[in-house]
Amino acid sequence: MRLRFAPSPTGALHIGGARTALYNWLLARRPDPGSGEPGTLVLRIEDTDRERSTPEAVEQILDALRWLGLDWDEGPIFQSERAERHRQALDQLLAGGHAYHSSATGEDVRAFKARHGAERGFRGAPEDPDPARPSAVRLRLPDRGETGFDDVIRGPIRFPNVNLDDPVIARADGSVLYNFAVAIDDLDAGITHVVRGEDHISNTPKQLLVIEALGETPPRYAHLPLLHGPDGKKLSKRHGAASVQELRDAGYLPEAVDNYIALLGAGFAADEEHFSLAELAERLRLERVSKNPAIFDERKLRHINGLHLRELATDELTRRLERFTGRTGLRGAVEISAEKIQTLAAFWPLAGFVFDGPSDDPAAAAKVLGHDGAIELLRQARARLAAVEPFALETIETALRGLVEESAVKPGQVYQPLRVALAGTTVSPGIFETVALLGREETLARADGALERYG
RNA sequence: GCCGCUAUCGUCCAGGGGACUAGGACGCCGCCCUCUCACGGCGGAAACCCGGGUUCGAAUCCCGGUAGCGGUACCA
């Protein structure tokens, strides 16, 4: 199996494009069910639009792919670097009478359809090339018969040739168009399976016709369903995150992103959905991929992210969190926060107080410390903590639970004022763990600070 | 308009002629656990687009309609 993926080099790696890349990668990274041989993955860059595909933009795409844990065996191959070969194939078609020069414009095509009916494909009149006035090149299509293929996911798809326009395959300036270039490149790279988005279904007959005119054998095609935003429309910025880069910035783990986007359309049995890349590669079966478009649901991504996050060893999670936040010395706080966060971004709002001091949340203070007896209980908690020996998790817990029992109050009446004194907020990691991490000196200082301010 | 693809809970997936009283997950609601928030556990509400046909029997197969989406460039 030889596969390829060809992201648009516009800087942002769209989530749909990421899934296409991932599926190709998964398919290539496990032994072919038939031969037992591993597949080969070719990266192709469609970079003919110089405005959008700068070297920086291309590098951003590659970076996003690497972040997802994907690699490739050959490439990147730049479409722009293959101009000579494209020119040669074009000459071959021209010489063989499969293509012809045509200066027909979009206007001419519309006029043609007005005469022959909207469903009638455009057929142009061949013109002699005039060096003074270069013209575009169109592929000559047959009127009879149909062009079709057996989609691995969807089954047979057929297009009556009579409905297809003679496609322009080269511009007047000699540069070739995507549907021509990609067909040549797939052939030359020996691609056996083209796995891409559903938006390419109607491009397929054009590519097939090019390959046929060249007398070559086409690869197999599999068209993946598209990904949409929660409103059913094409996924875009206003849906929150539309690119892999945005997901990374939002604190998602690459293994969770891989897991979730692979699930959208994977058609796995419903009993499990928490997978590593290796497990995904083992299970993915193109024939089972769903045919309907999926809606990207960030809430489910969060859930799966939480699963992968809690699976990380503390040291590894610490490493990632330190890189994400740009801070160091986070390990202790990570240890007591890990089970409470779903994304990397959730860590600092939960545990940042350990390093930056209690956050200033007057509403929380008023709500908790304003209660009858809260200040007094905080004072007593402070006193007990001052006397705890040694200052460790178990002894701290014993001391505070003792206070709860002896005061005959609900646990929260002791813990919440203390929490607000230490963290500034009503939500934090476990109170005993927080006290132990802060240490006696810091804990007492913060308790004193709260007593002074609100007492 | 034309060409094409698709149609099961709000969402993602199972189920592909009888095992369907349609299953799981996310989300939502309730309860339990509990120092807050999470995690975890238990329970609940929630779907076969519509109409024909085939068949003893249709969510499942066929046809039509409708809807959604994609394409319709001298873009990729």
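Letters go in sequence order (proteins before strands), and every chain restarts at 1.
- For A:Arg288 and B:G15, the shortest distance from a side-chain N or O to OP1 or OP2 is below 4.0 Å.
- No side-chain donor from either of A:Arg82 and A:Gln79 sits under 3.5 Å from a side-chain acceptor of the other.
- Side-chain contact of A:Asn305 with A:Thr343: a donor-acceptor pair under 3.5 Å is absent, judged by distance alone.
- The separation between A:Lys410 atom NZ and B:U36 atom C1' is 14 Å, rounded to whole Å.
- Using modelled atom types, no side-chain atom of A:Ser407 and backbone atom of A:Val409 make a donor-acceptor pair closer than 3.5 Å.
- Of the listed nucleotides (B:G70, B:C74, B:U6), B:U6 has the atom at the smallest distance from the side chain of A:Pro293.
- Within 3.5 Å, a donor on the side chain of A:Lys340 pairs with an acceptor on the base of B:U36, or the reverse.
- In this model, a side-chain donor or acceptor of A:Asn203 finds a partner on the base of B:A76 within 3.5 Å.
- Nearest-nucleotide positions on RNA chain B for A:Leu350 and A:Leu307 put A:Leu350 closer to the 5' end.
- Comparing B:C35, B:A76, B:G10 by their nearest atom to the side chain of A:Asp297 picks out B:G10.
- Comparing atom distances between the A:Asn163 side chain and each of B:C5, B:C3, B:A76 picks out B:C3 as nearest.
- Minimum atom distance to the side chain of A:Lys300 is reached by B:G24, of the listed B:G71, B:C2, B:G24.
- Test A:Asp185, A:Asp186, A:Asp188 against A:Arg4 for salt bridge (charged side-chain N to carboxylate O under 4.0 Å, His left out) and you get one pass: A:Asp186.
- The listed nucleotides are B:C75, B:G4, B:C35; the one nearest the side chain of A:Phe159 is B:G4.
- Distance from the side chain of A:Pro160 is smallest for B:G4 among the nucleotides B:C5, B:G27, B:G4.
- When the nucleotides B:C5, B:U72, B:G40 are ranked by their closest atom to the side chain of A:Lys206, B:U72 comes out on top.
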